[in-house]
Amino acid sequence: MARPSSSWWMALLVVAAVAQLGASDLRTDYYNSTCPNVESIVLGVVKDKMQATIRTIGSTVRLFFHDCFVDRDAPDNLSLAFEGFETVRSAKAAVEAACPDQVSCTDVLAIATRDAIALSGGPFFPVELGRLDGMRSSASNVAGKLPQPNNTLSELVAIFKSNGLNMSDMVALSAAHSVGLAHCSKFSDRLYRYNPPSQPTDPTLNEKYAAFLKGKCPDGGPDMMVLMDQATPALFDNQYYRNLQDGGGLLASDELLYTDNRTRPTVDSLAASTPDFYKAFADAIVKLGRVGVKSGGQGHIRKQCDVFN
């Protein structure tokens, strides 16, 4: 399938939490009477998409994170992988066939994200539902709202805090980087321009890992994509934290969680216990799903996620 145009992507991105019920109005049984099978319908689509490509996992999860933090056509959103959009589009079409005009695209994305996580070995958690789809998109006022690979820890904490999430939530949610891929341009400065000329490579990078990444991403070469977790790329697990302990965080903002004493204890704790990781991540992503939930008449239920009503 051909890559969609940027306008197609922008239309889908604004289904985010722009205009919804108040967060206190969300509930897990929201569609019990209007679309009782919505979760099983979405699950079936996610299973099919995951069988087709591993990219479905990371791209769907990343789309949910971006939709919660910003609802606009920012460059970071336009760079998201196609598979996440296609999963939501297909799931929404299946839901519409069963329950026309009842379930928002935003809720479909929330369910699909939970399923992608659980089906790839992560925790299963109840999804709070009842959001409406937004009706606007603007690239303005996006700067600083999405975490960036070169952010300091204090900057990262501030971004999460502005969305009602604390430092522990931030560390837990960073495990989303246990799946998916990243472009070389997101971390190449760590390989070639960390502190030139005396120290071109980030010393917090494991030497063997740095050599591997240089082979994948030659300086000045094409902007290829690299798996974010080389050890268990198809599993949503706490290997992410063990990678950080070994100097194997792909992005500078990943490894920072271990090198900074403020977050290292949480990394060590989640690396050591799968049950603790499951609970911390599930609690944090439920909180994330409440970010940006607003009341008022600014939203609606979109029939197609890639078409403005």
Side-chain angles (χ1 to χ4, degrees), residues 1-23 25-50 52 56 59-74 77-78 80-116 127-139 289-309:
M1 181 177 292
R3 181 186 179 93
S5 67
S6 59
S7 59
W8 190 101
W9 289 37
M10 285 187 281
L12 180 53
L13 278 163
V14 297
V15 307
V18 175
Q20 307 167 344
L21 300 174
D25 295 315
L26 300 180
R27 61 182 196 268
T28 58
D29 63 352
Y30 187 84
Y31 295 111
N32 276 10
S33 60
T34 57
C35 194
N37 296 323
V38 60
E39 294 195 37
S40 61
I41 294 170
V42 174
L43 175 62
V45 173
V46 174
K47 283 182 176 179
D48 288 344
K49 295 298 182 183
M50 286 179 60
T56 296
S59 58
T60 302
V61 173
R62 189 177 174 211
L63 178 58
F64 177 74
F65 274 55
H66 282 226
D67 270 359
C68 290
F69 276 116
V70 297
D71 51 29
R72 301 164 181 88
D73 51 323
N77 279 345
L78 298 181
L80 294 175
F82 169 66
E83 288 80 6
F85 296 93
E86 178 58 21
T87 297
V88 176
R89 187 199 65 77
S90 297
K92 171 63 171 173
V95 170
E96 279 295 310
C99 316
D101 304 317
Q102 297 297 321
V103 182
S104 67
C105 295
T106 307
D107 277 349
V108 169
L109 172 58
I111 298 169
T113 299
R114 186 272 312 279
D115 292 341
V127 178
E128 296 177 337
L129 303 168
R131 303 164 182 83
L132 298 178
D133 297 325
M135 298 186 293
R136 63 183 175 87
S137 176
S138 172
R290 298 169 185 159
V291 171
V293 177
K294 302 175 183 178
S295 58
Q298 300 173 326
H300 57 190
I301 293 175
R302 189 170 300 182
K303 197 166 188 69
Q304 290 180 247
C305 299
D306 53 347
V307 177
F308 289 101
N309 285 359

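For clarity, every value in this text was computed on a predicted model and none was experimentally measured.
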message: I'd like to know whether S90 forms a side-chain hydrogen bond (donor to acceptor under 3.5 Å, both in side chains) with E86, so could you lay out the CA-CA distance, the side-chain angles of the two residues, the decisive distance to 0.1 Å, and finally the verdict.
response: CA-CA 6 Å; S90 297; E86 178 58 21; 3.0 Å; yes

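- When all heavy atoms of C105 and V88 are compared, the closest pair comes out as O-CG1, 4.3 Å.
- When all heavy atoms of G84 and S59 are compared, the closest pair comes out as N-OG, 3.0 Å.
- Listed here is the closest heavy atom pair of T87 and A112: CG2-CB, 4.4 Å.
- Using a 4.0 Å cut-off between a side-chain N of Lys or Arg and a carboxylate O of Asp or Glu, K49 and E83 do not qualify as a salt bridge.
- A donor-acceptor contact shorter than 3.5 Å is absent between the side chain of R290 and the backbone of L26.
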Please set out all donor-acceptor pairs under 3.5 angstrom arising from side-chain atoms of residues 37-48, sequence neighbours excluded.
| residue | atom | partner | partner atom | Å |
| --- | --- | --- | --- | --- |
| E39 | OE1 | R114 | NH2 | 2.6 |
| S40 | OG | N37 | O | 2.9 |

task: Evaluate side chain to side chain contact (heavy atoms under 4.5 Å, CB included) for D133 paired with H300, printing each intermediate quantity in order.
output: CA-CA 5 Å; D133 297 325; H300 57 190; 4.1 Å; yes

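- For N32, the side chain to side chain donor-acceptor pair (under 3.5 Å) test picks out no residue, with sequence neighbours left out.
- Side-chain polar atoms of Y31 and D107 form a donor-acceptor pair below 3.5 angstrom.
- Contact annotation: the side chain of V108 never approaches that of C305 to less than 4.5 Å [non-hydrogen atoms, C-beta and beyond].
- S104 places a side-chain N or O within donor-acceptor distance of the main-chain N or O of R131, the cut-off being under 3.5 Å.
- No side-chain heavy atom of V127 sits less than 4.5 Å from a side-chain heavy atom of T28.
- In this view, E96 and K92, K303 satisfy the side chain to side chain donor-acceptor pair (under 3.5 Å) rule, not counting sequence neighbours.
- Between I301 and V103, the closest heavy-atom pair is CG2-O, 3.4 Å.
- Summarising the geometry, atom CZ belonging to F64 is positioned 5.5 Å from atom OG1 belonging to T113; distances are rounded to the nearest 0.5 Å.
- With sequence neighbours excluded, the residues that form a side chain to side chain donor-acceptor pair (under 3.5 Å) with D29 are R27.
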